[in-house]
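Note sheet for the following structure.
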Amino acid sequence: MLRTHTCGELRKEDAGKEVQLTGWVSRLRDHGGILFIDLRDRWGITQLVVDNKEEIYTQASRVRPEYVIKVKGVVKERPEGLVNPRLSTGDVEIVVKDLEILSSSLLPPFEIEGNKETDESIRLRYRYLDLRRDKVQKNLILRHQVAQLIRRFLSEKEFLEVETPFLTKSTPEGARDFLVPSRLSPGHFYALPQSPQLFKQILMISGMDRYFQIVKCFRDEDLRADRQPEFTQVDIEMSFIEVEDIIQLIEAMMIYVFKESLGVAVDPPFPRLSYHEAMEKYGTDKPDLRIPWEIDDLTELLGQEITSFSRGGNNFAVKALFLPQGEDFSRKKLDVLSERAKENSLSLSWVKGGGSSPLKNKLSEETWQGMVNKYPFGEKALLLLAWGERSNLLNFMGSLRFELGEEWIKDKKPFQFCWITDFPLVDWNEEENRWDSVHHPFTSPREEDLDFLDSHPEKVKSKTYDLVLNGYEIGSGSIRIHQMDLQRRIFNLLNLKEEEIEQKFGFFIEALQYGCPPHGGIALGFDRLIMLMSGESSIREVIAFPKTQKGVCLLTGAPAPVEEKQLEILGISLQKQKK
RNA sequence: GGGGUCGUGGUGUAGCCUGGCCUAACACGUCAGCCUGUCACGUUGAAGAUCGCGGGUUCAAAUCCCGUCGACCCCGCCA
């Protein structure tokens, strides 16, 4: 080793020791007669002192920010009053006897110290410099710790980490695949896995009983702050279990992980909501329960009278959001909301605490009172009302609740988990004119709903569960079908042709017939989890080398054109790009 | 595919709406000098910007208009 200690290691007790340190020059303070260098590595910062009486001073004054240096020196306890309480090593400094410049550095395009706000494209282009910054390093350290904790937790519960292929066949999930052309089979393609879904189920059939993997998954869809084309899942599957077992396991794992990494106590059990309930109360399948407000249904009370002066239509509903402290809402702000409702083919109105409302004269006295009495109206309260087509309306109210809540509820709990269960098994695809799996085709319906499978598929609920944290979906899973006859019924429902089934996942159907244990599992979005744990609002902040919204890696320049020759070998010719 | 925000020395911003006083301001950083106890050192001075790019309007464009490129946020898409 070129060093005896790291830059975060030395303490008072080490005073007098001869040490050797290596690291990056973080800051320089040259007082003419005495020179201070802050030396930085992953572990911290240690102050070096060079006196101009020492020969080494000339050499030391040559260093510049981000130079990599090696110093020999003696640890000295700092005199009274010169201690820096902001550094873990602030009680000591190194009196430099020898200094070697291991490598110099160009002037960095942005300042490393201070985590100063910097344009993200510059940060990503010089990601190696950005990763020297404290903040991103902390995130990656947390990411590592959480990965280790998850591995330890699951290993202790006798889960096996098994690797599954990246070069594989398209899995039946909804997203677009990334394709990899095969040289040995011209005209054929591998797909990068959207998730190891079928492999983990096959591992259950193999008798592994408990499997997990912290694994990259690939989806060729548009990016968002919480979505990258390649992302990491904690993929889990178990045999001989029921919904409750997975929920218990994951709750215990989250409690363990949050306690051991952040020292934060998370309380079980996590609230559980059915999908239906979540949509009704919060207008979303990933509600942020830190916001206390719920959406109420006032269709019965107001529906009839409202349709007498306003548009009704199919699936008409009236929804309300009561804000006990909504007083600051200016007329202007309310008009903006009305405008937005209109853009969504909805109508919006309100009742202010004192009782002023554009609705007052339009409703009968009885209905008006019925509505006002429903709520504990104080002076400061505001009731927001909207009506129109039901699912559209719920969506709108959900985003309203989220936005206003984000803004107004300041002292939120840091972490609020919940489970969303019992998603519908299928939903109607208008374009394709058929039923689609909501989760995937191997999701088990609830036994009690099996009778509806042929008559009213939309009524069938599935054994599904999503884990939600602070309004983000961070996990999704289900109990799978383990019997061939039921699987066939689902394929029929989805209108999958025998040929299609055979071609897409015949290998899996075959496996299913060789003794498949009842099983189920879940996949956690690891990047999102770390993002929330570190308080970031983009997963790019917890990924070492993320891509831009256009899927470009600004560091390497990927994706990039390839040599004509490479394409030839693969038997690929390119179409002319249309302008 | 669509909607929106942004783009000004190395970095972060001001100026833009309401064109001319902009020969583009400020802070940080950089470079040079001075300084023996700083830790966001101080201090004196200096260098550094065709205002993303292209076109247009105008006597005159960082500023107005059109196009284009890039980054970000969102809808669609995606668990």
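A, B, ... follow the sequence lines: proteins, then strands. Residue 1 opens every chain. Since the structure is predicted, the reported quantities are computational estimates derived from the model, not experimental observations.
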Margin query: Ring-plane angle category for A:F270 and A:W419, please: parallel below 30°, perpendicular beyond 60°, tilted otherwise.
Written below: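 The arrangement is parallel - the two ring planes meet at less than 30°.
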
Check: With under 30° as parallel and over 60° as perpendicular, where do the rings of A:H440 and A:F442 fit, or are they tilted in between?
Finding: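 A:H440 vs A:F442 ring planes: tilted.
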
Notebook entry, point to check: Has the side chain of A:Q549 got a donor or acceptor that lies under 3.5 Å from a partner of the other kind on the base of B:G70?
Noted result: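 By the distance-only test, no, there is no pair.
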
Note to self: With hydrogens left out and only the distance checked, is there a donor-acceptor pair under 3.5 Å joining A:R78's side chain and the base of B:C39?
What the structure shows: yes

Quote, to the nearest angstrom, the [atom1] distance that separates [N] from [M].
N     : M     : atom1 : value
B:G20 : B:U63 : P     : 11 Å
B:G10 : B:G52 : P     : 13 Å
B:G1  : B:C77 : P     : 15 Å
B:A14 : B:A49 : C1'   : 15 Å
B:C41 : B:G48 : P     : 26 Å
B:A25 : B:G76 : P     : 47 Å
B:G45 : B:A27 : P     : 13 Å
B:U50 : B:G4  : P     : 30 Å

Next item on the list: Could you tell me whether A:D51 contacts a base, only the sugar-phosphate backbone, or nothing, with contacts defined as non-hydrogen atoms closer than 4.0 Å?
Entry: base

Notebook entry, point to check: Counting any heavy atom closer than 4.0 Å, what does A:E403 reach on the DNA or RNA strands: base, sugar-phosphate only, or nothing?
Noted result: nothing

Starting at [atom1] of [X] and ending at [atom2] of [N], how long is that distance when rounded to a whole Å?
X      : N     : atom1 : atom2 : result
A:R227 : B:C73 : CZ    : C1'   : 13 Å
A:R224 : B:C77 : CZ    : C1'   : 7 Å
A:L82  : B:U36 : CG    : P     : 16 Å

Check: Is there a side-chain polar atom (N or O) of A:R29 under 4.0 Å from OP1 or OP2 of B:G42?
Finding: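 No.
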
Notebook entry, point to check: Think A:R340 has a side-chain N or O under 4.0 angstrom from the OP1 or OP2 of B:C74?
Noted result: no

Margin query: So if I apply the side-chain contact (heavy atoms from CB on, under 4.5 Å) rule between A:H5 and each of A:T89, A:L21, A:V75, which one comes out positive?
Written below: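 The side-chain contact (heavy atoms from CB on, under 4.5 Å) with A:H5 is passed solely by A:L21 among A:T89, A:L21, A:V75.
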
Notebook entry, point to check: With a 3.5 Å cut-off and no angle check, do the side chains of A:N139 and A:E536 form a donor-acceptor pair?
Noted result: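 A:N139 vs A:E536: donor-acceptor pair found between side chains.
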
Checklist line | Selection: residues 115-127 of chain A, any non-hydrogen atom under 4.0 Å of RNA chain B | finding: A:K116, A:E117, A:T118, A:D119, A:E120, A:S121, A:I122

